[in-house]
Asker: 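Pasting a structure below so you can have a look.
The chains referred to below are lettered A, B, ... by the order of the sequence lines, with proteins before strands, and numbering in each begins at 1.
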Protein chains: 2
Amino acid sequence: MRQRRPTLEQVARHAGVSRATVSRVVNGSPTVAAEIQEQVAQSVRALGYVPNHAARSLVTQRANSFALVLPEPSTRVFSEDQFFPALIRGISQELEPTEIQLVLMMATSPASHARITQYVLAGHVDGAMVASMHGADPLPMALSDTGVPVVVNGRPLAHCRVPYVDVDSTGGAERAVRHLIDRGRRHIATIAGPQDMVAGIDRLAGYHLGIDGTGQRPIVAPGDFTRESGETAMRHLLETHPAVDAVFAASDLMAHGAIRALRGAGRRVPDDVAVVGFDDVDLARYVDPQLTTVRQPIGDIGRAMVRQLVTMAAGGEVEPAVILPTTLVLRESA
Amino acid sequence: MRQRRPTLEQVARHAGVSRATVSRVVNGSPTVAAEIQEQVAQSVRALGYVPNHAARSLVTQRANSFALVLPEPSTRVFSEDQFFPALIRGISQELEPTEIQLVLMMATSPASHARITQYVLAGHVDGAMVASMHGADPLPMALSDTGVPVVVNGRPLAHCRVPYVDVDSTGGAERAVRHLIDRGRRHIATIAGPQDMVAGIDRLAGYHLGIDGTGQRPIVAPGDFTRESGETAMRHLLETHPAVDAVFAASDLMAHGAIRALRGAGRRVPDDVAVVGFDDVDLARYVDPQLTTVRQPIGDIGRAMVRQLVTMAAGGEVEPAVILPTTLVLRESA
DNA sequence: TTGTAAGCGTTATCAT
DNA sequence: ATGATAACGCTTACAA
């Protein structure tokens, strides 16, 4: 059997003071005599007292926890890269110095969407982060409607006033294309991501921005961020546009697929066709040739989301969007 | 401002019954007249009542949540494969039908170890899962000492009575070696994992088991599960044992590193040297040649841990060890 | 500066 | 079958 933890009451008796005083000491109130403070501190140590979370949040009306909501589809798409762990690591780091705990909620089934909403609505958490790749996801808004602070990863597509943290996908993609142009490439294609996801949309927009005004014609092949789709798209591209001499893939996985297709077709990378990816997952350094790619600071996304949420939970206002920079990492493939 | 949720009291007034009755209905007690049950249910819906977690667990002394504790070193080592996300997915799936929430705690700093212990000790969770790759980690035992149910992923090295869930690494490794022998390989080396981790130890033990009695001499090169270490180890192996015609790497990442080294040395895989990995991460299907490897059911580990914990939290006894099977997946590299 | 006491929203033990 | 009522452990006016 699990023995009951000592309560404030017991510490108070042990220290010969009132419950209120112990509470003050525990919570670091300055209005306690140094002498008594030490007295109480000793009793706390002696009895191994630890405040009861439930009791505390019952009276303070705060849960001291944030939820991280992961709609399953997104985690599946991004399964092979380190997005998910890296995001969590960033969040944890930022949460570390606070007393705030992280509650993980995966929306594995349709029913769980409702369950999550219920949970958040019940006031079990002081705020929620939604790692939603599908910009039209109604979940963030649904949560936000319950009055709980919510921040999303990735610009929401649906018209909604939920603050978000995103990376400069458009800028990164544009820079990638510029780089290809600067290297003298004249037939630059893109393998786009799914157009129901912000990441897919923005990276394609960046491609167009880079191509515009150069006199080159845009060449777009659809993909869904997976390696298979990249391989298929590249094969198709080689058939329809045999002159293609560069490709910007909207994900490293697709870039890898493209490289496989190119190798299969006997084209050398980057000699015949240059390839640039997006994400900078570990894999990028291990494909042959090493991948030139656009890096996004995943951990920073998590950290920024926490910072936003902390501000909001404290009743403060936050900017509706935080956009983190992306950087072009030059390696061998372009 | 966030409006306060309605309380039992208000629902009771709305339905014209007592607080106790509402509580009974909410908790599905059978001792309520069907008529009143419906009455109350309607009021609950009308007011949008959701039970207050803190109040409930204050009186029931249960938190309705489990902690997943991740000592940072392990997550770093396993960063590139999908161990961490897959584990969490399995846990979430098993937790889904229960009302139990998952609290994630990363031990990012030395100080956080203490913080985690404190938190668990405070009774904030009903049980803790520790994803501890380093078998000698004192954390599980420390947590267990607080009286909270604890279950570990991976057999603990330190002498301690914490129940654990592990996969049959030894058996998997042995099968891999047997397979190489069956294919006529005569100089089978292994690239071992770190010997302070159970996974490293067991996979090496399995290798020895497979080699024993075949008349072959064991050839062991040390590694640390990373691709770099695999590449280095393989290069070294080629120098010291040029006759080597097969290699069992204790991780897919190391196997990939080995393949790179082999290719660099002009050896063909599997023609000159067969390679078998361990883990079956996504990458295994995408390296060239596709990797023959030992698959471990990561999601099942998570699910099993939850099942153990649920039993323990309910006061039941669990077997001290659950060992899940591994399977040899045949592809191209061996 | 310290103590007293009134809740916070539930569940559970009694009576009825 | 239902309703009072007493906890559960803590914070926080308010009093002293």
Side-chain angles (χ1 to χ4, degrees), chain A residues 2-41 43-44 47-65 99 118-119 121-126, chain B residues 2-41 43-44 47-65 99 118-119 121-126:
Chain A
R2 180 134 144 243
Q3 62 181 339
R4 280 280 242 288
R5 307 298 332 157
T7 73
L8 260 196
E9 184 71 50
Q10 298 175 38
V11 177
R13 262 205 297 276
H14 186 275
V17 296
S18 79
R19 216 163 55 210
T21 300
V22 179
S23 174
R24 290 188 187 102
V25 173
V26 169
N27 293 288
S29 159
T31 77
V32 175
E35 197 176 311
I36 296 204
Q37 222 165 80
E38 178 54 27
Q39 173 94 315
V40 171
S43 297
V44 164
L47 273 55
Y49 170 76
V50 179
N52 180 306
H53 187 222
R56 180 178 277 175
S57 70
L58 180 57
V59 52
T60 59
Q61 302 289 351
R62 281 185 295 102
N64 282 308
S65 63
E99 290 280 76
Q118 276 283 301
Y119 187 83
L121 190 139
H124 295 347
V125 294
D126 305 317
Chain B
R2 180 133 143 245
Q3 60 182 342
R4 278 279 241 289
R5 306 299 332 157
T7 72
L8 261 196
E9 184 70 50
Q10 298 175 38
V11 176
R13 262 205 296 277
H14 186 275
V17 295
S18 79
R19 217 163 53 212
T21 300
V22 178
S23 175
R24 289 188 189 104
V25 172
V26 168
N27 292 289
S29 160
T31 77
V32 175
E35 197 175 312
I36 297 202
Q37 224 166 78
E38 178 53 28
Q39 173 94 314
V40 171
S43 297
V44 165
L47 273 57
Y49 169 77
V50 180
N52 180 305
H53 187 221
R56 182 178 273 178
S57 71
L58 179 57
V59 53
T60 59
Q61 302 289 351
R62 280 185 295 102
N64 282 309
S65 63
E99 291 280 75
Q118 278 281 302
Y119 186 82
L121 189 137
H124 295 347
V125 292
D126 305 316

Asker: With A:V32 as reference, evaluate A:E38, A:Q39, A:R24 under the side chain to side chain contact (heavy atoms under 4.5 Å, CB included) test and give the passing residue.
Answerer: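 The residue from A:E38, A:Q39, A:R24 that satisfies side chain to side chain contact (heavy atoms under 4.5 Å, CB included) with A:V32 turns out to be A:R24.
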Asker: Can you tell me how far apart OG1 (A:T21) and CG (A:L8) are? Round to the nearest 0.5 Å.
Answerer: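 Here the rounded value is 10.5 Å.
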Asker: Using atom CG of B:L8 as one end and atom P of C:dT10 as the other, report the distance to the nearest whole Å.
Answerer: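 Rounded to whole Å, this separation is 4 Å.
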Asker: Please answer whether the main-chain N or O of A:R56 pairs with a side-chain N or O of A:T60 as donor and acceptor at a distance below 3.5 Å.
Answerer: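 Yes, the answer is positive, given that a donor and an acceptor are paired below the 3.5 Å cut-off.
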Asker: Please determine whether a side-chain nitrogen or oxygen atom of B:T60 lies at a distance below 4.0 Å from atom OP1 or OP2 of C:dT11.
Answerer: no
Asker: So B:H53 and A:Y119, would you call those rings parallel, tilted or perpendicular, with 30° and 60° as cut-offs?
Answerer: tilted
Asker: With sugar-phosphate meaning primed atoms plus P, OP1 and OP2, does B:T7 contact a base, only sugar-phosphate, or nothing at under 4.0 Å between heavy atoms?
Answerer: sugar-phosphate
Asker: Give me, pair by pair, the N or O atoms of the protein and of nucleotides 3-5 of chain C that are less than 3.5 Å apart, along with how far apart they are.
Answerer:
unit_1	atom_1	unit_2	atom_2	d
C:dG3	OP2	A:S18	N	3.0
C:dG3	OP2	A:S18	OG	3.1
C:dG3	OP2	A:T21	OG1	2.5
C:dG3	N7	A:R24	NH1	3.3
C:dG3	N7	A:R24	NH2	3.3
C:dG3	O6	A:R24	NH2	2.4

Asker: Would you please test B:V44 and B:V25 for side-chain contact (heavy atoms from CB on, under 4.5 Å) and show each step?
Answerer: CA-CA 10 Å; B:V44 165; B:V25 172; 5.8 Å; no
Asker: Is any side-chain nitrogen or oxygen of B:N27 closer than 4.0 Å to OP1 or OP2 of C:dT11?
Answerer: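 Answer is yes, contact under 4.0 Å.
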Asker: Strictly below 4.0 Å: does B:Q61 bring a side-chain N or O up to OP1 or OP2 of D:dG9?
Answerer: yes
Asker: Please report, rounded to the nearest Å, how far the C1' atom of C:dT2 is from the CD atom of A:E35.
Answerer: 13 Å
Asker: Please report the distance, rounded to the nearest Å, between CG in A:L47 and C1' in D:dG9.
Answerer: 15 Å
Asker: Rounded to the Å, how far apart are B:L58 CG and D:dG9 P?
Answerer: 7 Å
Asker: Would you mind classifying the nucleic acid contact of B:V11 as base, sugar-phosphate or nothing, using non-hydrogen atoms under 4.0 angstrom?
Answerer: nothing
Asker: Go through it in stages, so that I can follow the logic: the residues are B:R13 and B:E9, the test is side-chain contact (heavy atoms from CB on, under 4.5 Å), and I'd like the CA-CA distance, side-chain angles, deciding distance and then a yes or no.
Answerer: CA-CA 6 Å; B:R13 262 205 296 277; B:E9 184 70 50; 3.9 Å; yes
Asker: What's the CD-P distance between A:Q39 and C:dT1, to the nearest Å?
Answerer: 17 Å
Asker: Rounded at 0.5 Å granularity, tell me how far OG1 in A:T7 sits from CG in A:N52.
Answerer: 9.5 Å
Asker: Between P on C:dT11 and CD on B:E9, what's the gap in Å once rounded to a whole number?
Answerer: 13 Å
Asker: From C-beta outward on B:A33, which listed nucleotide comes closest to its side chain: D:dC10, C:dT11, D:dA1?
Answerer: D:dA1
Asker: Quickly work out the B:N52 CG to D:dG9 P distance and round it to whole Å.
Answerer: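 Those two atoms, CG and P, are 16 Å apart.
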Asker: Under 4.0 Å between any heavy atoms, over every strand shown, what does A:V32 touch: base, sugar-phosphate, or nothing? Just pick one.
Answerer: sugar-phosphate
Asker: Judged by each residue's nearest nucleotide on DNA chain D, which is more toward the 5′ side, B:A34 or B:V59?
Answerer: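 Its nearest nucleotide being more 5', the pick is B:A34.
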Asker: For B:H124 and D:dG9, give me the distance from atom NE2 to atom P, rounded to whole Å.
Answerer: 13 Å
